[in-house]
Amino acid sequence: MRKDDCIFCRIANGEIPSRTLFEDDQFRVILDLGPAARGHALILPKEHYDDLFGIPEDTAADAMRLAKRMAAKIAGALSADGFNLVQNNGEAAGQTVRHFHMHLIPRYRGDGQTIGWTPGEPSAEELDETLKLLQ
Ligand code: 5GP
Ligand code: ZN
């Protein structure tokens with residue numbers, strides 16, 4: 001399903017022009033307009049899914065296959081020193097556009113960007129409690 005009021009549905013399906021690196025029947029890969037680094041691209045499925053929880057497993061697997069191919073292409077073409085694959089789900093996790101997408105972010109030594117977190121220091125009991133909830 002596609003949503004008329006979703007900007008990424010409209011971009012993915014070519015209704016709004018974008019700088020497209022790759023397109024097939026399932027996905028469009030575009031340059032991010034607010035890049036973390038040169039070559040930052042987004043994988044957009046042409047169908048609308050809000051996030052990882054809504055995307056079918058097969059589509060998620062296809063997106064990851066494509067991410068691997070695009071990462072190699074982008075990193076090679078721009079001589080990147082590293083690469084981040086980022087995928088945000090929900091406002092609390094920094095998702096600003098509610099249409100599943102994967103960030104492909106080539107990284108360069110000294111580019112000054114930080115994509116990360118402050119490591120916590122849970123006790124062994126806390127870790128064991130968490131593990132129990134997740135098993
Ligand atoms: P999120 O924060 O949801 O994980 O990522 C949304 C990303 O989409 C941001 O990196 C933002 O720069 C990018 N973005 C938002 N609107 C547009 C747009 O209209 N065109 C393009 N190419 N990127 C967009
Ligand atoms: Zn959409």
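What's counted below: heavy atoms across the whole structure, side chains too, no hydrogens, waters or symmetry copies. Whatever order the structure lists them in is the order used to number ligands and atoms, beginning at 1. No experiment lies behind these values; they were computed from the predicted model shown.
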Just list the N/O pairs, ligand 1 to protein, that are under 3.5 Å apart, with the distance for each.
{"from": "ligand 1", "atom 1": "2 (O)", "to": "Gly94", "atom 2": "O", "distance (Å)": "3.0"}
{"from": "ligand 1", "atom 1": "2 (O)", "to": "Thr96", "atom 2": "N", "distance (Å)": "3.3"}
{"from": "ligand 1", "atom 1": "2 (O)", "to": "Thr96", "atom 2": "OG1", "distance (Å)": "2.9"}
{"from": "ligand 1", "atom 1": "3 (O)", "to": "Thr96", "atom 2": "N", "distance (Å)": "2.7"}
{"from": "ligand 1", "atom 1": "3 (O)", "to": "Thr96", "atom 2": "OG1", "distance (Å)": "3.1"}
{"from": "ligand 1", "atom 1": "3 (O)", "to": "Val97", "atom 2": "N", "distance (Å)": "3.0"}
{"from": "ligand 1", "atom 1": "3 (O)", "to": "His101", "atom 2": "NE2", "distance (Å)": "3.0"}
{"from": "ligand 1", "atom 1": "4 (O)", "to": "Asn88", "atom 2": "ND2", "distance (Å)": "2.9"}
{"from": "ligand 1", "atom 1": "4 (O)", "to": "His101", "atom 2": "NE2", "distance (Å)": "2.9"}
{"from": "ligand 1", "atom 1": "4 (O)", "to": "His103", "atom 2": "NE2", "distance (Å)": "2.8"}
{"from": "ligand 1", "atom 1": "5 (O)", "to": "His101", "atom 2": "NE2", "distance (Å)": "3.0"}
{"from": "ligand 1", "atom 1": "5 (O)", "to": "His103", "atom 2": "NE2", "distance (Å)": "3.2"}
{"from": "ligand 1", "atom 1": "10 (O)", "to": "Asp32", "atom 2": "OD1", "distance (Å)": "3.3"}
{"from": "ligand 1", "atom 1": "10 (O)", "to": "Asp32", "atom 2": "OD2", "distance (Å)": "2.5"}
{"from": "ligand 1", "atom 1": "12 (O)", "to": "Asp32", "atom 2": "OD1", "distance (Å)": "2.5"}
{"from": "ligand 1", "atom 1": "22 (N)", "to": "Leu31", "atom 2": "O", "distance (Å)": "2.9"}
{"from": "ligand 1", "atom 1": "23 (N)", "to": "Leu33", "atom 2": "N", "distance (Å)": "3.4"}

Closer than 3.5 angstrom, by distance alone: can the side chain of [X] be matched with the main-chain N or O of [Y] as a donor-acceptor pair?
X     : Y     : answer
Asn84 : Val86 : no
Gln95 : Gly90 : yes
Arg28 : Ala12 : yes

Do other residues, nucleotides or ligands put more than 12 heavy atoms under 6.0 Å from [X] [atom1]?
X      : atom1 : result
Asp24  : CG    : yes
Gln113 : CD    : yes
Asp128 : CG    : yes

At a cut-off of 2.8 Å, list the protein N/O/S atoms near the Zn ion (ligand 2), residue plus atom name.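 For the Zn ion (ligand 2), the protein N, O and S atoms that sit under 2.8 Å away are Cys6 SG, Cys9 SG, His48 ND1, His99 ND1.
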Taking only Lys NZ, Arg NE, NH1 and NH2, and the carboxylate oxygens of Asp or Glu, determine whether Asp51 and Arg98 approach each other closer than 4.0 Å.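 Between Arg98 and Asp51 there is a salt bridge, with a charged N closer than 4.0 Å to a carboxylate O.
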Salt bridge between Glu23 and Lys46, side-chain N to carboxylate O under 4.0 Å?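 Yes, this pair counts.
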Looking at the rings of His101 and His103, which for Trp means the six-membered one, are their centres under 6.0 Å apart?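 For His101 and His103, the ring centres are under 6.0 Å apart.
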